[in-house]
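Following: one structure in structure tokens, then a few remarks.
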Amino acid sequence: MLDPQLIRQQLPEITEKLALRGFTVEQEQLAQLETARKQQQIETERLQNERNQRSKSIGQAKSKGVDISPLLAEVAELGEQLKANETALANIQTQLNQILMGMPNLPHETVPIGQGETDNQEIRRWGTIPTFSFSPKDHVDLGTQLNGLDFETATKITGTRFVILRGELARLHRALIQFMLDLHTQHHGYTEVYVPYLVNQDSLLGTGQLPKFAEDLFHIPSQNYYLIPTAEVPVTNIAREVIWAEENLPTKFVAHTPCFRSEAGNYGKDTRGMIRQHQFEKVELVQLVKPSESYNALEELTQHAETVLQRLELPYRVVSLCTADLGFSSAKTYDLEVWLPAQQKYREISSCSNFEAFQARRMKARWRETRTQKINLLHTLNGSSLAVGRTLVALLENYQDENGRIFIPSVLQGYLGGNTHIG
RNA sequence: GGAGAAAUGGCCGAGUGGUCGAAGGCGCUCCCCUGCUAAGGGAGUAUGGGUCAAAAGCUCAUCGAGGGUUCAAAUCCCUCUUUCUCCGCCA
């Protein structure tokens, strides 16, 4: 959520900035509501004050044994008037809140301005794109040939966009998770957390998936719980309604969780293979930091995700998402895109974002400065490190040989009993 | 799932209709005293919002959450949530 103060004071500027991301602010409606709010709130509080004063004097009169019935007569209609005003105020505030909760974050000044995906800005590339003396297969063919990927059975068990991993591929998948967690906990200073995979609405409102993106989520109506679309939701919400001591900042969490996405609106996209599934695993990095540190933290966190790709020796590039491509809650996002030989393309494998105070304001995640004892909103960041399914795809495709055997990068061999190949 | 008990500020804990945003204690901060230490004395110490250019000030809200009764609710009523104890079931 944006700062309501800012919206009152700088509505035109905000409108302009949000237009860069393709969001239209209903300025007039907002301004009208705000005027009504101010008027209504002042009047309501005046009535509340009057009630409080009078109640107090009734109490005092009564304790002195004075007859209070004339006083009671005086306040007769006050109650109704007050109730009507309170209701009206609550109404306006609900409307305002709905609008505010539906407004995306302001893009940071360093975010490239653009209309869509093609305007994203490549920041750097790493690694060498592999060349093959044969025509490389895609991960579906490779996985099927290894008897390690089975989409048909998963479809029977559940439906489309699910997969079964078998044997060495399942093991490799697990090894990736283990490797990533070990890297971040042992070398990058993250604390591993295990979190719920079902969350309530407040958590999703906090990180920004709700109220706008309900259709992307799997919902369990009987309890009104949702399956998490990313570990970002439960992990960041650890900080909800908490005031963190300065000495505990930055706090860095890493979690491995499955992620569930309904992929509504993506029916035709990436229907083949493991790229876009309803259920996938991810290792997620989350940082809670002081506002002054958050852009350094974004660079650092992105580096941490890149390190995974580097150790796996997978070629990738870093892209700064343009204003139009930015996620709802994000002020700035770097995507990591790994090279997929079968597609001859870089494909997203990680997304690292600084949300500034946007999520923190929604979830009342704050910190107290030791010196001044002042309380302020903290800044939240997260990034995938990495999407495990897509990493598996990248390994299969980049490390295949002519016979469909898969080379295992050295950092993973220890997790796979020293094996150097699959198949 | 059943039965019972509970939820108050950083912590402990008092408070069953009025002057209570809340006694007292602990902790913490600052000051004084004490030639170290210990002890002692004093002051302060919740959060969010509105108003205001801003500060001060004024004001509103908040005692697990939401509703209700009342001129007035931490206190009475209803619903929900969570925690604890016992029973059942279960990994």
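None of the values given here were measured: they were computed from a predicted structure. All chains are named by letter (A, B, ...) in the order of the sequence lines, taking the proteins before the strands, and each is independently numbered beginning at 1.
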What's the separation between atom [atom1] in [X] and atom [atom2] in [Y], rounded to the nearest 0.5 Å?
X	Y	atom1	atom2	value
A/His278	A/Cys259	NE2	SG	14.0 Å
A/His304	A/Met180	NE2	CE	15.0 Å
A/Leu386	A/Leu336	CG	CG	7.0 Å

Does [N] have a Watson-Crick or wobble mate here (both distances under 3.5 Å), and if so which one?
N	value
B/C20	none
B/A74	none
B/G35	none
B/C84	B/G4
B/G44	B/C28
B/U79	B/A65
B/A55	none

Hey, which of A/Phe213, A/Tyr226, A/Tyr225 is the one that makes ring pair (Phe, Tyr, Trp, His ring centres under 6.0 Å) with A/His219?
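Result for ring pair (Phe, Tyr, Trp, His ring centres under 6.0 Å) with A/His219: A/Tyr226.
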
How many whole angstroms separate atom [atom1] of [X] from atom [atom2] of [N]?
X	N	atom1	atom2	result
A/Asn224	B/C80	CG	P	16 Å
A/Lys364	B/G49	NZ	C1'	11 Å
A/Gln201	B/A65	CD	P	19 Å
A/Lys374	B/A55	NZ	C1'	12 Å
A/Glu80	B/U69	CD	P	11 Å
A/Leu100	B/G49	CG	P	13 Å
A/Leu82	B/A72	CG	P	8 Å

Distance only, no hydrogens: is a donor on one side chain within 3.5 Å (strictly under) of an acceptor on the other, for A/Thr185 and A/Glu192?
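Distance-only check fails for A/Thr185 and A/Glu192.
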
Is it true that the side chains of A/Asp182 and A/His187 contain a donor and an acceptor less than 3.5 Å apart?
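The answer is no; no qualifying pair exists.
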
Over all strands shown, is [X] touching base, sugar-phosphate only, or nothing at heavy-atom distances under 4.0 angstrom?
X	answer
A/Leu78	nothing
A/Lys83	sugar-phosphate
A/Arg8	sugar-phosphate
A/Ser63	base

Pairs: protein N or O with nucleotides 52-54 of chain B N or O, under 3.5 Å:
| from | atom 1 | to | atom 2 | distance (Å) |
| --- | --- | --- | --- | --- |
| B/C52 | OP2 | A/Lys38 | NZ | 3.0 |

Does A/Lys56 NZ have over 12 foreign heavy atoms under 6.0 Å away?
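Atom NZ in A/Lys56 is not packed in, count stays at 12 or less.
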
With A/Thr230 as reference, evaluate A/Arg261, A/Lys282, A/Gln209 under the side-chain hydrogen bond (donor to acceptor under 3.5 Å, both in side chains) test and give the passing residue.
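Going through the options one by one, the only one that passes is A/Lys282.
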
Taking [Y]'s backbone N and O only, do any of them form a donor-acceptor pair with [X]'s side chain (distance below 3.5 Å, no angle check)?
X	Y	result
A/Asn237	A/Ser203	yes
A/Gln145	A/Gly404	no
A/Ser330	A/Leu326	no

Taking only N/O atoms, report every protein-nucleotides 59-61 of chain B pair under 3.5 Å with atom names and distance.
| from | atom 1 | to | atom 2 | distance (Å) |
| --- | --- | --- | --- | --- |
| B/U59 | O3' | A/Asn49 | ND2 | 2.8 |
| B/C60 | OP1 | A/Asn49 | ND2 | 2.6 |
| B/C60 | OP1 | A/Asn52 | ND2 | 3.2 |
| B/C60 | O3' | A/Gln48 | OE1 | 3.3 |
| B/C60 | O2' | A/Gln48 | OE1 | 2.8 |
| B/A61 | OP1 | A/Arg51 | NH2 | 2.7 |
| B/A61 | OP2 | A/Asn52 | ND2 | 3.4 |

RNA chain B: 5'-proximal contact among A/Lys56 and A/Pro4 (nearest heavy atom):
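Result of the comparison: A/Lys56.
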
Taking for each residue the nucleotide of RNA chain B with the nearest heavy atom, is it A/Gln60 or A/Arg366 whose nucleotide lies nearer the 5' end?
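Residue closer to the 5' terminus by nearest nucleotide: A/Gln60.
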
Restricting both atoms to N or O, compile the protein contacts to nucleotides 6-9 of chain B shorter than 3.5 Å, with distance only.
none

Would you say a side-chain N or O of A/Arg368 is under 4.0 Å from OP1 or OP2 of B/U47?
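It does, given that an N or O in the side chain of A/Arg368 lies less than 4.0 Å from OP1 or OP2 of B/U47.
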
What residue among A/Gln373, A/Lys290, A/Arg368 forms side-chain contact (heavy atoms from CB on, under 4.5 Å) with A/Glu246?
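Passing option: A/Lys290.
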
